[in-house]
Structure formats: structure tokens, C-alpha cells
Amino acid sequence: MDAPPTGRITRFLNVNDEVAGLAKIGPIHNQAQAVMRVLKSPETAVHLVTLLEEMPVQETADGIAELRAAKLPVGRIIVNMVRPEVLDATDIDLVRAVPRTAVAQALSSAGLGGARRGGNAEKLVDPLLAQAEEYAARYTLEHDQRAVLAEQGLPLHELPLLTEGMDLGGLYELASELRKQGMS
């Protein structure tokens, strides 16, 4: 079942416990108890879906702590909308270290205009370096958030960002990706 955001998940899942406590006997009590037996069964698990961003990751960590405190079974963490890695850590270090003039010269030697001031290569340098720095910041953030999720001690799965949007084909792609990662 789909549940509300992690900040309210424990209250949502424990509502039947509360109902069973209010209705001490009778069919409502029995139904609430049956639902809680299913939720707390070893055959049931609460899987959490998050994004590689600070607030969703923190909410996921908090939700896991709350679920564990409530003795509800926690399953896996699924990271949704993961962007493809364009540069790795080594490339990012290189981007940060390479002089601006070297980038202009490399663009010029690739045939993208002269390296002289005001040439095409010169006009490309600032936007390219700005874009590389934005990517580097995003890469660092995602790397840090993966570490926070790994600290939770749960199996971690990642689903790619589907740039074409979600349709039946996308659903099959995500299901296939989860199967490849050992989730059935």
C-alpha cells in the first residue's frame, strides 16, 4: 500500500492499534487487531522511497527510526529519480583544478573558435565551467546523501530518472531495474 510522507507514516500505520485500543471488544476491535497482525508480520515490510536530496533523505532516516521504535518491520530504501553520472570524482577534481585559460585553449584546439579574448572559445568557458561546478555540487550532495542512507543498514536500490516521463514502458523499465538489483 502507498502511505503518506514519512513524517506521518508511523501514525498512519499504527491507527489500527489505536482503534483496537478504543474498541476493546467486538468486530471493530477484531478487524483492527487483524490489520495490525498483518502490518507487524515478518512477511510484511515497509519500504521507503526517497530522492537524493537533503530533506527527503532526512525524512527517510527519521521515518526509519520511528518505524523501528514502533516495532514495525522496515524493508528497503528505494532512491527514485537518480540522475546519470556524467563525471566521476576524479573528473570533478580535474574540473575544479584546471585553469580557465587551459579550458579556452582546449576548446580552441577542438575547433570551437579562437582562444583570443572575445572569441567563441572564450565565450564558452564561463558557461561550461559554471555548468561543471553546478554538476560537481550536485554530485557531492548526492554522494553525501547516499552515505546517510547507507548508514541506515537497509538494502538500498536506485531507480533512474526517466527523462521521457512515466508511462507503461517506463513502469516496465523501473520494474526491470528493481529485478536486476535483486528486489522481486
Side-chain angles (χ1 to χ4, degrees), residues 1-24 26-89 92 134-184:
M1 80 173 104
D2 191 14
T6 53
R8 294 185 291 259
I9 193 166
T10 305
R11 283 176 283 176
F12 173 77
L13 294 175
N14 271 333
V15 73
N16 287 298
D17 240 0
E18 299 299 323
V19 170
L22 291 173
K24 300 288 186 199
I28 293 174
H29 175 80
N30 294 339
Q31 179 68 27
Q33 290 288 29
V35 170
M36 287 313 297
R37 279 194 300 277
V38 169
L39 289 177
K40 292 185 177 187
S41 163
E43 296 173 11
T44 301
V46 178
H47 303 294
L48 294 113
V49 179
T50 190
L51 301 172
L52 286 176
E53 297 174 4
E54 289 178 30
M55 188 167 34
V57 167
Q58 186 58 55
E59 287 178 355
T60 298
D62 293 346
I64 290 167
E66 286 181 29
L67 290 165
R68 287 176 172 158
K71 295 184 176 37
L72 290 166
V74 184
R76 301 167 184 262
I77 300 171
I78 301 165
V79 180
N80 200 9
M81 298 174 47
V82 175
R83 293 171 179 85
E85 187 175 284
V86 178
L87 303 173
D88 62 17
I92 289 171
E134 286 174 22
Y135 179 83
R138 182 74 195 177
Y139 177 91
T140 302
L141 170 77
E142 290 178 355
H143 179 77
D144 292 348
Q145 297 313 304
R146 273 189 186 93
V148 171
L149 293 173
E151 291 171 2
Q152 303 307 310
L154 296 170
L156 187 62
H157 304 276
E158 293 190 5
L159 294 173
L161 172 65
L162 299 179
T163 56
E164 301 297 318
M166 179 53 80
D167 58 9
L168 185 58
L171 182 62
Y172 284 134
E173 182 181 339
L174 296 179
S176 173
E177 187 60 38
L178 288 173
R179 278 193 301 278
K180 284 184 209 169
Q181 295 179 36
M183 190 172 179
S184 53

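Taking CD1 of I64 as the reference point, atom CG of L72 lies at 13.0 Å (rounded to 0.5 Å). Rounding to the nearest 0.5 Å gives a distance of 11.0 Å between CG of L178 and CD of E173.
The aromatic rings of Y139 and H143 sit parallel, their planes meeting at an angle under 30°, below the 60° perpendicular limit.
Applying the side chain to side chain contact (heavy atoms under 4.5 Å, CB included) rule to K71 yields no partners; only residues at least two apart in sequence or on another chain are considered. For the side-chain hydrogen bond (donor to acceptor under 3.5 Å, both in side chains) test, no residue two or more places apart in sequence or in another chain qualifies with E53.
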Pairs under 3.5 angstrom only: tabulate donor-acceptor contacts from the side chains of residues 80-89 to other protein residues two or more places apart or in another chain.
residue, atom, partner, partner atom, Å
R83, NH1, E142, OE2, 3.4
D88, OD1, T90, N, 3.1
D88, OD1, D91, N, 2.9

Return all side-chain donor-acceptor pairs below 3.5 angstrom for residues 154-169, not counting sequence neighbours, or 'none' if the list is empty.
residue, atom, partner, partner atom, Å
H157, ND1, Q181, OE1, 3.4
H157, NE2, R76, NH1, 2.7
E158, OE1, R146, NH2, 3.1
E158, OE2, R146, NE, 2.6
E158, OE2, R146, NH2, 3.4
D167, OD1, G169, N, 3.2
D167, OD1, G170, N, 2.8

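Across all their heavy atoms, S41 and P73 have their closest contact at O-CG, 3.8 Å. Annotation for A45 and V74: closest pair CB-C, 4.4 Å, computed over non-hydrogen atoms. Across all non-hydrogen atoms, the minimal contact from V49 to T60 is O-OG1, 4.4 Å. The two residues M183 and I78 have their closest heavy-atom pair at CE-CD1, 3.7 Å. Residues V148 and V57 come closest through the heavy atom pair CG1-CG1, 3.5 Å.
Residues Q58 and M55 have side chains not in contact (no heavy-atom distance under 4.5 Å, counting atoms from C-beta outward).
Panel note: side chain T140, backbone A136; a donor-acceptor pair is recorded below 3.5 Å.
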